[in-house]
Amino acid sequence: MTSVLYDAPGPRAKRRNVIFSVVFVAALLLLLWWVYRTMDDKGQLEWALWKPFTQAEAWTTYLLPGLGDTLKAAALSMVIALPLGAVLGIARMSDHRWVRVPAGAVVEIFRAIPVLLLMLFANEFFARSTDVTSEDRPLYAVVTGLVLYNASVLAEVVRAGILSLPRGQTEAAQAIGLRKSQTMSSILLPQAVTAMLPAIVSQLVVIVKDTALGGVMLGFTELLNSRGTLAANYANVIPSFIVVAVIFIVLNFILTSFASWLEARLRRSKRSTGAVLGAEDVDDLNAAEVGGPHKAGGGAV
Amino acid sequence: MFDFISDYDDPTLLGAFWVTVQLTVFSGIGSLVWGTLLAAMRVSPVPLMRWFGTAYVNIVRNIPLTVIIVFTSLGLADIFGVTMGARDDFELQGFRLAVLGLIAYTAAFVCEALRSGINTVPVGQAEAARAIGLNFTQVLTLIVLPQAFRAVIGPLANVLIALTKNTTVAAAIGVAEAALLMKEMIENEAQTLLIGAVFAFGFVVLTLPTGLILGWLSKRLAVKR
């Protein structure tokens with residue numbers, strides 16, 4: 001295999017690569033051996049600690065309800081944040097200064113504040129100013145925090161999606177006499193939504209990961225929180241962490257793969273305008289960078 | 001109106017934000033080093049290192065940071081006995097474990113940013129470097145990485161801003177930074193809205209200059225092609 005950085009290896013390079021591989025594997029094995037030894041010393045490898053995961057009880061009592069709450073909060077946040085984000089994103093591109101400026105301020109401010117602060121604030125706000133029961137409050141707080149943050153990120157996705165469409169789309173719509181709102185709703189938005197789909201799916205990964213914050217800080221009964229209850233019951237700290245991490249990895253890996261499959265499919269399809277917002281564009285947007293997202297190597301045009 | 005601020009002296013408001021800044025700086029430096037190493041592995045001629053880099057990035061990116069940070073406390077410290085040289089000082093231990101967790105997580109994103117930067121370097125650059133007899137390490141460190149770094153200042157600024165916001169997760173293991181102080185204040189004081197605004201303002205102050213300065217720098221230092 002060749003790349004930018006090296007040619008196909010010759011005999012000397014091959015020998016050197018083998019030496020590097022051996023040294024690297026040795027270092028890796030040393031680390032794994034230390035992990036194995038420590039876990040063995042602390043009795044974390046005993047079958048009794050792993051056995052619960054082979055039986056239905058640990059799953060039906062702890063893990064599945066936890067996963068259910070994680071997915072419920074993520075789905076709710078997405079469903080509420082998406083229309084809100086669309087409205088904010090379109091408002092930010094308005095011709096009227098009094099619409100554009102406040103929408104821009106809301107988007108920039110909520111992207112700059114950590115989600116955890118938003119959740120903590122929402123939790124206290126619901127406790128004092130509303131009659132949400134203390135049972136429902138963590139879910140409400142988690143969803144509110146996630147919606148505020150992700151709506152502003154999605155607003156930028158929507159804006160980027162609309163801006164990524166060829167100018168001719170707007171010009172053609174104006175030429176046949178459509179009004180601004182008609183151009184937006186029947187020409188630009190449908191195409192932008194298609195272009196945005198991969199970015200929206202990968203934003204779901206961010207939301208799923210952020211639900212875990214509610215588990216530690218607000219007592220929301222999501223996956224990480226139910227891991228604590230499970231470990232308190234079976235005394236299996238390390239196994240429970242490994243199982244929960246694997247669930248998160250599998251879940252998010254499915255979402256990521258779906259997003260890139262969608263992106264590849266949309267790029268191939270002949271009917272679209274060719275504008276697609278991929279997963280990497282979202283990573284840029286999540287940083288709350290002021291003055292528009294940077295593309296990797298964007299300066300080097 | 002603002003007298004709730006002076007009621008808290010351990011830590012003070014500024015003290016808590018100072019811990020947030022320290023978390024950001026230490027984790028930032030650490031993840032830049034570890035992320036660069038990971039990126040070097042991902043583009044190296046040794047297949048095993050490439051495989052390790054890819055696996056690391058894909059696994060770590062998909063685990064919530066909260067899980068990683070909580071694990072450093074409940075798993076690394078309690079079970080594996082990793083105390084980061086602060087066995088008796090619980091506060092210092094929490095801080096260092098949080099930095100470790102933040103480095104492990106953020107390095108995956110630094111690695112991806114750098115890799116995309118390496119892809120922006122034209123093949124001709126590396127070919128010319130090889131033609132004058134430089135080996136892989138020399139091509140990478142003398143020719144490709146300097147250009148790649150200049151191309152990814154923008155994306156790296158985004159990673160740094162995300163890191164600044166992510167340091168709040170350290171509150172989950174009791175590190176006395178801004179989010180933990182806000183939780184305490186907001187529970188005890190009546191001015192919920194005002195306290196929320198003060199902390200929100202604090203984070204805007206921390207992230208806004210980072211974005212502006214590094215954004216300016218990325219335009220200034222971009223390699224003109």
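Below, chains carry the letters A, B, ... as their sequence lines are ordered, and counting in each starts from 1. Only this structure's heavy atoms are used, side chains among them; waters, hydrogens and symmetry mates stay out.
- Of the listed residues S129(A), A212(A), P114(A), the one with more heavy-atom pairs under 4.5 angstrom with chain B than any other is P114(A).
- Contact check for V70(B) versus V216(A): side-chain heavy atoms found under the 4.5 Å cut-off.
- The heavy-atom pair separating V67(B) from F241(A) by the smallest distance is O-CE2, 3.8 Å.
- Atom CD of E124(A) is separated from atom CG of N188(B) by 9.0 Å, given to the nearest 0.5 angstrom.
- Contacts of R128(A) with chain B are made by side-chain atoms alone, with heavy-atom separations under 4.5 Å and no backbone atom involved.
- With a 4.5 Å cut-off on non-hydrogen atoms, F253(A) touches chain B through its backbone and its side chain both.
- When each of A129(B), S44(B), A178(B) is checked for heavy-atom pairs under 4.5 Å with chain A, S44(B) comes out on top.
- Residues M182(B) and L120(A) approach most closely at CE-CB, 4.1 Å, considering heavy atoms.
- Only the side chain of L28(A) comes within less than 4.5 Å of a heavy atom of chain B; its backbone N, CA, C and O stay farther away.
- The closest side-chain heavy-atom distance from T192(B) to F121(A) is below 4.5 Å.
- Scanning all heavy atoms of the two residues, the minimum distance from F109(B) to K209(A) falls at CZ-NZ, 4.1 Å.
- The choice from G196(B), A179(B), P45(B) that makes the most heavy-atom pairs within less than 4.5 Å of chain A is P45(B).
- The distance from atom CG of N58(B) to atom CG of N252(A), rounded to the nearest 0.5 Å, is 11.5 Å.
- Heavy atoms closer than 4.5 Å to chain B are found in the side chain of F24(A), but not in its backbone.
- Contacts with chain B were tallied for V246(A), T211(A), V35(A); V35(A) has the most, counting heavy-atom pairs under 4.5 Å.
- Heavy-atom minimum distance, I79(B) versus K42(A): O-CE, 2.9 Å.
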Requested in this report: Please report the C-alpha distance between V25(A) and L48(B) in whole Å, then the side-chain angles of each, then the deciding distance to 0.1 Å, and finally whether the side-chain contact (heavy atoms from CB on, under 4.5 Å) criterion is met.
Outcome: CA-CA 8 Å; V25(A) 167; L48(B) 258 163; 3.4 Å; yes
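- Ranked by heavy-atom pairs under 4.5 Å with chain A, the list L193(B), I186(B), I59(B) is led by I186(B).
- Sparse packing is recorded around CH2 of W51(B), with 12 or fewer heavy atoms of other residues, nucleotides or ligands lying under 6.0 Å away.
- The number of heavy atoms from other shown groups lying within 6.0 Å of OH (Y234(A)) is above 12.
- At least one side-chain heavy atom of V169(B) sits under 4.5 Å from a side-chain heavy atom of L213(A).
- Taking all atoms of both residues into account, the shortest heavy-atom contact from G75(B) to I238(A) is CA-CD1, 4.0 Å.
- Judged as a salt bridge (charged side-chain N to carboxylate O under 4.0 Å, His left out), the pairs with a partner in residues 181-206 of chain B (not counting sequence neighbours) are, in order, K183(B)-E187(B).
- Each of L116(A), V244(A), V115(A), D41(A) has some count of heavy-atom pairs under 4.5 Å with chain B, and the biggest count is that of L116(A).
- The most heavy-atom pairs under 4.5 Å with chain A, out of A148(B), G202(B), P47(B), A190(B), come from A190(B).
- The distance from atom CD of E222(A) to atom OG1 of T66(B), rounded to the nearest 0.5 Å, is 8.0 Å.
- Side-chain contact between M119(A) and T168(B) is absent, with no heavy-atom pair separated by less than 4.5 Å.
- Contact annotation for L117(A): both backbone and side-chain heavy atoms come within less than 4.5 Å of a heavy atom of chain B.
- Only the side chain of V82(B) comes within less than 4.5 Å of a heavy atom of chain A; its backbone N, CA, C and O stay farther away.
- When the shell of 6.0 Å around OH of Y140(A) is examined, it contains 12 or fewer heavy atoms from other residues, nucleotides or ligands.
- For the atom pair R12(A) CZ and N135(B) CG, the distance stands at 9.5 Å (nearest 0.5 Å).
- Between atom CG of residue L118(A) and atom CZ of residue F199(B) there is a gap of 13.5 Å, rounded to the nearest 0.5 Å.
- To the nearest 0.5 Å, atoms CG (L224(A)) and CZ (F71(B)) are separated by 12.0 Å.
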